[in-house]
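Below: one structure, written as structure tokens.
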Amino acid sequence: LMATFPALNPTSRTYIPGQPMNTSLLTMEGDETAVRHSNAALGHILRLGFTGLTADQHFLIVSHYGTHGRFESFDIPSSITEGANITFPSGYVFIYAGSPQTEYVPSVFTVQVELELIPSYTL
């Protein structure tokens with residue numbers, strides 16, 4: 001069973017699609033050509049903003065990051081993309097691109113999370 005990111009509703013979402021894996025080569029005539037290495041694309045980024053979280057909700061995100069980090073992949077619940085009309089390539093999973101960034105104003109947490117979408121792999 002794959003773990004899932006906490007089922008919270010983000011207040012902002014930014015999705016940056018990845019790029020196909022290729023290498024650019026110069027020909028003898030000076031033209032540039034690209035060689036595609038795979039159908040997989042890398043560099044998919046999903047940025048999520050959560051505003052007005054409680055201490056318990058903040059703990060859900062921080063503890064999930066502590067358990068998974070960049071080393072254990074996970075899925076996201078439908079609540080993350082609900083209403084945003086964002087779709088991701090099939091067969092991909094998420095890892096953290098970095099640690100969650102937290103801003104705290106008494107009793108209210110604002111958290112920014114950056115996730116990277118990568119081709120599924122088996123350890």
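Quick caveat: nothing in here was measured; it's all calculated off a predicted structure.
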Output for pair (I16 CD1, L46 CG), nearest 0.5 Å, gives 9.0 Å
Given side-chain contact (heavy atoms from CB on, under 4.5 Å), test F50 with Q57 step by step and report yes or no. CA-CA 10 Å; F50 298 91; Q57 291 170 323; over 6 Å; no
d(D75 CG, I80 CD1) to nearest 0.5 Å is 10.5 Å
For H68 and A3 the tightest heavy-atom approach is NE2-CB, 3.1 Å
May I have the list of side-chain donor-acceptor pairs in residues 95-103 shorter than 3.5 Å, sequence neighbours left out?
from : atom 1 : to  : atom 2 : distance (Å)
Y96  : OH     : H64 : ND1    : 2.6
Q101 : NE2    : S99 : O      : 3.0
T102 : OG1    : H58 : NE2    : 2.9

Those residues at least two apart in sequence (or on a different chain) that pass salt bridge (charged side-chain N to carboxylate O under 4.0 Å, His left out) with E114 are R47
Same hydrophobic cluster for L53 and Y104, using side-chain heavy-atom links shorter than 4.5 Å among ILVMFWY? yes
Contacts of T33 meeting side-chain hydrogen bond (donor to acceptor under 3.5 Å, both in side chains) (sequence neighbours excluded), chain-then-number -> none
CG (L60) and CG (L8) are apart, to the nearest 0.5 Å, by 6.0 Å
**OP:** Check whether any side-chain heavy atom of T4 lies under 4.5 Å from a side-chain heavy atom of I76, and answer yes or no.
**Re:** no
Closest non-hydrogen contact found for A84 with R13 is CB-CD, 3.6 Å
Closest heavy-atom pair, S79 versus P10, reported as atoms and distance to 0.1 Å, is O-CD, 3.9 Å
dist L48:CG -> N9:CG (nearest 0.5 Å) comes out at 11.0 Å
Heavy-atom closest pair (P77 atom, P6 atom, distance to 0.1 Å) is CG-O, 3.9 Å
Note to self: Is there a path of hydrophobic side-chain contacts, each under 4.5 Å between heavy atoms of I/L/V/M/F/W/Y residues, joining V62 to F74?
What the structure shows: no
Between the CG atom in D56 and the CZ atom in F109, the distance rounded to the nearest 0.5 Å is 9.5 Å
Output for pair (S73 OG, L117 CG), nearest 0.5 Å, gives 10.5 Å
pair I118-V93: side-chain heavy atoms closer than 4.5 Å: yes
* List the steps, then state whether side-chain contact (heavy atoms from CB on, under 4.5 Å) holds for V113 with Y65. => CA-CA 10 Å; V113 176; Y65 171 75; over 6 Å; no
Applied to residues 81-97, the salt bridge (Lys or Arg N to Asp or Glu O under 4.0 Å) test, sequence neighbours excluded, yields none
- More than 12 heavy atoms of other groups within 6.0 Å of F59 CZ: no
Side chain to side chain contact (heavy atoms under 4.5 Å, CB included) filter on T11, not counting sequence neighbours, yields T51
Sorted by chain and number, sequence neighbours left out, ring pair (Phe, Tyr, Trp, His ring centres under 6.0 Å) with F88 holds for Y15, F94
